[in-house]
Structure formats: structure tokens, C-alpha cells
Amino acid sequence: MNIRFFSKLLRSDVFLDYQLRKMAKKTYDLLFKLLLIGDSGVGKTCILFRFSDDAFTTTFISTIGIDFKIKTVELRGKKIKLQIWDTAGQERFHTITTSYYRGAMGIMLVYDITNEKSFENIVKWLRNIDEHANEDVEKMILGNKNDMDEKRVVSRDRGEAIAREHGIRFMETSAKANINIDRAFNELAEAILDKTAGKDPTEAPDRVLVEKRVDRGSNRCC
Amino acid sequence: MVFQELPPELHDFISKCLSISPCERPTPHQLLQHTLFQDLCEADTITHTSEEMKYQVFPGFQSRRIPVTKNTKHPLFERSLQELYYLWHLAGGDVQAELRKQGLIRTKAPILSIPKLVLLEGTVFGQVRDQTSMLDLRVVPIPLDTLYQRLAHIPLTSYYPLVETKSEIIAKGDGEQLEAASLPLVIRERDTGYQFHRVVLYDRLIKGYPYKKAAILKEAHKDIPPLYRGNIWAALLEVDGDIDGNYVAVDKETPTHTDRQIEVDIPRCHQYDELLSSYEGHRKFKRVLKAWVVSHPQYVYWQGLDSLCAPFLYLNFNSEAQAFACLSAFIPKYLHNFFLKDNTAVIQEYLAKFSHLIAFHDPALANHLAGISFIPELFAIPWFLTMFSRK
């Protein structure tokens, strides 16, 4: 390991810039930690890449362990910094990834509409959330790759049904065609904002609530 | 019985060789005078007396073989076809251009393949069948002139480097080679003359493996010609024995639970290279990975193993067995226990050592990273797990 190279890298302009911005006075009002989970190859990294960089590429490498991206959005006049954790889908990495469940305020559970198994595993991922995440974490199920309708094996109804059954929001997305990506993140962030600010959830516009949630807590601190 | 039936000349020859008393046994030189070899005598060198032989091998060596006349074969032809092609390509050879010259690759405007008239019942006029994709039995000789020219100044001795003597002697005798050695690697890898020296030398050394391992290592510190990178890696990893047999013996076909993960990872992670993203590439990739997982029951497939396998498969694309052997030798050497089912302890150990290294070499950086809680778990796992093959 070339440590000099590493320190050089971290001191390069890009990183310095990032550091300076970090050191500057808080440029945001709230910090939300989100987590992306789901089977390997469903497109978690692509969803995140579309959201953070507004781009898509099919040449992705598998995520090893954990990775993250940061994006600041503005919601109801508040600057919200989203720290989004991207996890490895391979089951073996669970010991690493589950340790990030605890700090997450919102979790996106992704499956691939062209892959039956990834949909069946949603139940398993939900169980994981129950075991490792905060009780009141905001959840959302995303059926990704909905641009590939000709290869679809999981109908929209089935996705909605499982979401309804567990009282979770649901959306079909496409990182490739940029369908519902921003909307999904914004909606999840708003849901968290509602709780944080202790506001009435009905205030939020433009929302598809699959089932009325029980708002468990208010005045939550991040 | 059989011996009795031999032709009388041969019978006599063998009897002489088998003389019990050494005094009666003829010397090799005397044997060459035997009538058995009479026909060959005029033909070639065997008749030389020992004096002549000595003379031929040493001082006469060059005078006898150097002239590249019409009757003598150019020493370049003793090189393998693979080497010749590599050098020819470096000297500017381009197969497609050669084929185009011969009219074997023709470009045709797409508009020309549209029929001039199509009747409603389906009769077509004016559409000439495209013949460019049809089989053509013509043999196209590839001109080697440019290559000869590029290598013209290279002395004959360079075709036969002495690997047993101190290589400095040869290097000193060849100023050009020394000169090129100080150039940046990218230039050295494009220099026909330099690559010629390296390829010839490495060919010798590889043939002398495993005895020449030390010399290979020494040369590898300078540079490795792209042509032999796969073999040199194999030599440095001490790949040895019946690699083909070992590879064939591994069951690569029976489905296992890792298959799904391997099938998900291979197509999406290796699109940076045409070879690895081809159908054949995917197939080979899967076989090598499966072979590794099956033959190492104590280990499992962790995502990242594919990235580790990729360079070996790329370098040994025509020999899955060698790619597999290299991967199998590389992992215990550099990534011991990384692929255990529970590798937490090993990963933690590496990350902890890494943190200490940063703290030692760059305390300011270490403090900063700790301050923003940017722990190595967040960024360094893929580095170590793939041995930087992704970065």
C-alpha cells in the first residue's frame, strides 16, 4: 500500500475543496441519513448515481461493503443534506452493512421488476430492517428497472400489495430512464422531515400514501 | 532376432558401439566415418572434425550465419509466429489494412444495397448480393519488409542472448538497448527494437523456468513485454506442474449457490474490456471462478473475487488453466484468508494496520479522517479485498 499516494490523493484539490466546504459554516439545516438495500444487481448504485449525478451508465462494478454519496435538497424552504449509504447486495456483506442500519433515518428497499427472486427477498430484507434498524425508520419499496417492461416478471400490483401489507410507501422507478428517482428520494426525505419537525403529515403535498401510517414519534433528533 | 534382421551396415554400426572393451569401441568421431553415414557426409556439418567443429561454433559463428542472403533463412524465422506477429504489429503492421489492399475488406455505401425496384408480389430488381461477408479462400501473404528494416541494425548475437553469462556484457555491447531502457515505459512498449530484445530474452528465460526464476524476477523489475505478461506472472507466482490436468479435473459445470452471484457480477462489472465483455469472455470467466470456488472448499465467493480474476483471465485468455493456476497461486500469497466465509477478523486486521500506517506517516491526515469519522471501513475494504485491481 502506497501511503504517500493515498495522502496525496486526499490532499488533492478536489478533496481539499470538499474539506473546505465541510469546514465552512453549516450549509444545511438538517442532515438525513438514508440507506439503500436490496439484492445484488437490482440497481441500488445506479439509483444513487442517477440521483446524485443525474447520469446513468451500465458499466457498474459491484459495491463491496459500503459506499456513500451526499446531496443537498431543498424541501419546504429547508436545506436538507442527504447522506445516502449504498450497500453491497451480496448476503455475505451483511455483517458490514447491517451495522449501518441503526443510524439510518430512511431506508430504501430496492428490487428488480425483471427478477422474481429479488422481489421474493423483500420479505427477508424487511426482516433485516426489523432486526437492525431503528423502530421508527421510514421505509420505501422501489421496484427498479421499470423501463424494461418487456422483461417484467413482477407486476406493479404485486409490488403495491406487499407495500400495503407492511404499510410502506411504494414506487416503480428506472435509474436508466430517470423515472421517479428524484421523487422517491424527495418523498422519503419529506416523510422524515415530517417526523423531525413534528408536523402534521397531511401537510405534505403530492404524496401517494399506500396506507396511513401511525406517526410514532415527534421531535426526533438527528 | 530383430537385431539379426537389421540391414548389415546398421548391424555393424551397433555392434561396434556395443564393444565391451572401451579400447575397441570407436569414438563418436570415428563412428561418423562409418559407411552408414556416407550419404550424409556431403550434405552437412556432421563430417567436421573436432577441430573444425570448434572453429565453427566460436569465431566462425558469425561469418557462417550472419549474411541474410537469399539462400539463408532470416533468423527472425526461428521466432514463434506469436512473437513475429507481435513485432510486426509494433513495426506498424495492420492486418485489416493488408486485407483491404487485397480487396478482401470492401466498404460499400449502405444505400447501394437497397433494391432499385420492388414489385408487389415480392420480385426485387437491382439488389446485388453483398459479397463482402462471403468466404474467400485467398491466402494473403503479409509483407515483413518494414519489420526487417526496423530490425536490420540488430546484430545476430542479439537473436541468441546468453542468459548464463553476466547479462551486463551483452547490454554493454548494445548501446541502443541501454539507451531505450531509460525511456518511459509507454515508449519502451512501443519500440520495436527494444521489445525485440526483451521478447527474445524473456522467451529464453521462460523456457528455462523454473531454473531461471531469479533472472525472470530481476528482469521483471525493469519491465515486462506485454506479449509475455501472462507467462511471466505465472512464473513469478511459481505456477508449476500439470496445470491443464488440474484444471480439467475440477468440476466447473454442476450448479452451485454461488452461480447466481457470479452471473450477476460478470456481465455488469467487466464492460471496460471487449474481450472480457464478450460472450466467450463471460463463459471463461464463469468457469474459472467456479473452478476456484469448487476447488477451495474452505473459501467462498465474495464480490470482488471477479475483479481479482479479471487480469489473469485477460492475460491468459487462451489458457483458462493458466488463469486459474495464477489466481489459485495469487490468493494465498497476497490475500491469505480474505475469502473465508467469515473474513471479519482478517479485514479488521488489515483496516487496523492501515489506520496505524496513516497515523504513522501522516498524523495530520489521520486526525482529520478521525475528526470527520471517515473510517477505513467506509472506503478501504474494496481496496484490500480486490488488491487494488479496481482502482
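Just so you know, these numbers use all the heavy atoms, side chains as well, and skip hydrogens, waters and symmetry mates. So that the names make sense, note that chain A is the first sequence line, chain B the second, and so on, each numbered from 1.
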**Request:** Would you mind checking which part of Leu385(B) comes under 4.5 Å of any heavy atom in chain A, side chain (CB onward), backbone (N, CA, C, O), both or neither?
**Result:**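 Contact with chain A involves the side chain of Leu385(B) alone.
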**Asked** Which bit of Tyr301(B) comes within less than 4.5 Å of chain A, counting heavy atoms only: side chain, backbone, both or neither?
**Response**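 Contact with chain A is through both the backbone and side chain of Tyr301(B).
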**Item:** Engaged part of Thr63(A) at the chain B interface, taking heavy atoms whose separation is under 4.5 Å
**Value:**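 Just its backbone gets close to chain B.
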**Interface moiety of Tyr100(A) toward chain B, non-hydrogen atoms closer than 4.5 Å** = side chain
Considering only heavy atoms from C-beta outward, does the side chain of [X] approach that of [Y] to under 4.5 Å?
X         : Y         : result
Gln303(B) : Arg92(A)  : no
Ile61(A)  : Tyr272(B) : no
Gln90(A)  : Thr258(B) : no
Leu378(B) : Trp85(A)  : yes

**Message:** Could you report the tightest heavy-atom contact between Gly304(B) and Ile64(A), atom names first, then the distance?
**Reply:**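 The answer is CA-CD1, 3.6 Å.
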**Prompt:** Can you name the closest pair of heavy atoms from Val264(B) and Gly41(A) and give their distance?
**Reply:**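 Looks like CG1-CA, 3.8 Å.
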**Any side-chain donor near an acceptor of the partner, Ser40(A) and Arg268(B), under 3.5 Å** = yes
**Request:** Drop me the distance from Phe379(B)'s CZ to Phe68(A)'s CZ, to the nearest 0.5 angstrom.
**Result:** 9.5 Å
